[in-house]
Protein chains: 2
Amino acid sequence: MTTSMDELDREILNILRRDARTPYTEIAEEVGTSEGTVRNRVERMTEDDVIERFTVATRTGNVKAMIEIGVAMDVETTQISERMADWTEVDFVWQVSGEEDVVLVVDCADTQGVNDLITQAREMEEVVSTKTRLILDERLG
Amino acid sequence: MTTSMDELDREILNILRRDARTPYTEIAEEVGTSEGTVRNRVERMTEDDVIERFTVATRTGNVKAMIEIGVAMDVETTQISERMADWTEVDFVWQVSGEEDVVLVVDCADTQGVNDLITQAREMEEVVSTKTRLILDERLG
DNA sequence: CTTGATGATTACGAAATTCGTAACGAAGCT
DNA sequence: AGCTTCGTTACGAATTTCGTAATCATCAAG
């Protein structure tokens, strides 16, 4: 069950992280193998959930932010997370260790949009605290 | 200059966020338009940086974490960010407002890997503090 | 009301990519 | 050697993307 990725997998993944639309043929050429092999590897990694999904990184608005949320002791954070993941403008919902329990990563049209989300979170009775950080700059690994 | 996204753009984007490999033809059918229109819209959104890039969400390791990093007052955080973005296992580097200045989102093979990154950060003389949160669960908006 | 202009949408053949599948090749084991 | 397994390669078929020209809608001006 221990799916060991080799160097080839890692190379393919790095290319896809940069541009997930790179054709298999082009990746193959770049890493020195055939289209079929790249296809097999990508399919296997997808199967193994090394690749969770193909997606787009967006900046629909001008303001990204992290909203750290503390919830009451006795609350099931999973349910809260699910509900928040349905909110528009929310990119990620993380359950985390540390002081707060849930972190939202959001992408809003403006600061007002961020504020609305914070308000929306605060209005949930399970939520006991929020702390917001604006994301001033983002770069990808 | 005011790039106003309409409802159609938003619908297309939502489909792509779920699965960026959905063919234009399929998206078109789903939102009730033609392949060409979807293509135009996606091209325009890419051009306008509403879509920053096509990418893959990965979980190469077992442990994801946020590492919050405080740097010395007089330091240029941009340079630090650039250097950290080059570290393997780092997905995002954010410059943020709030107590700490930089947040790393990382995806490591194990907790040891997370620890190594923290150590690596602490060894930079500009870094004055770190605080780590493990990401116990992630869901996408 | 007609005319023109602008911008988006549709249509459609050509090029490129993905896909299914069978053949091939390299270990590892009996 | 013979057999099995797993990954790689090969190649034609199906699908998707792409380039481009025609069509349509909106709006302002004459």
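Naming: A, B, ... by sequence-line order, numbering from 1 per chain. In this text, all values refer to a predicted model and were calculated from it rather than measured experimentally.
With hydrogens and angles left out, the side chain of A:R39 and the base of C:dG20 share a donor-acceptor pair within 3.5 Å.
The separation between B:L16 atom CG and D:dT16 atom P is 15 Å, rounded to whole Å. Going from atom CD1 of A:I27 over to atom C1' of D:dT9 covers 17 Å, rounded to whole Å. Nucleotide D:dT15 holds its P atom 20 Å from the CZ atom of A:R21, rounded to whole Å. Residue A:D9 contributes atom CG, which lies 12 Å from atom C1' of D:dG7 at whole-angstrom precision. Atoms CD (A:E26) and P (C:dA15) sit 20 Å apart, rounded to a whole Å. Across the protein-nucleic acid pair, A:E29 atom CD and C:dA16 atom P stand 14 Å apart, rounded to whole Å. A straight line from OH of B:Y24 to P of C:dC12 spans 21 Å, rounded to a whole angstrom. One atom, CZ of A:R44, and another, C1' of D:dT5, lie 14 Å apart when rounded to the nearest Å.
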Audit row: B:M66, B:I135, side chain to side chain contact (heavy atoms under 4.5 Å, CB included) steps and yes/no: CA-CA 7 Å; B:M66 291 173 43; B:I135 296 173; 4.1 Å; yes

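The phosphate of D:dG7 has neither OP1 nor OP2 within less than 4.0 Å of any side-chain N or O from A:R41. Not one side-chain nitrogen or oxygen of A:T33 sits closer than 4.0 Å to the OP1 or OP2 atom of D:dT8. For C:dT9, the OP1/OP2 oxygens have no side-chain nitrogen or oxygen of B:S34 closer than 4.0 Å.
Residue whose closest nucleotide on DNA chain C sits further toward the 5' end, between A:E35 and B:G36: B:G36.
Although no hydrogens or angles enter the test, the distance criterion places no donor-acceptor pair under 3.5 Å between the side chain of B:S81 and the main chain of B:V93.
Across B:R18 and A:R53, no two heavy atoms sit closer than the pair CA-NH1, 3.6 Å.
Residue B:L8 places its side chain closer to C:dT9 than to any other of C:dT9, D:dT8, C:dT18.
One distance of note links CG of A:L104 with CD of A:E89; it measures 11.5 Å at 0.5 Å rounding. Between the CD1 atom in B:I27 and the CD1 atom in B:I12 there is a gap of 6.5 Å [rounded to 0.5 Å].
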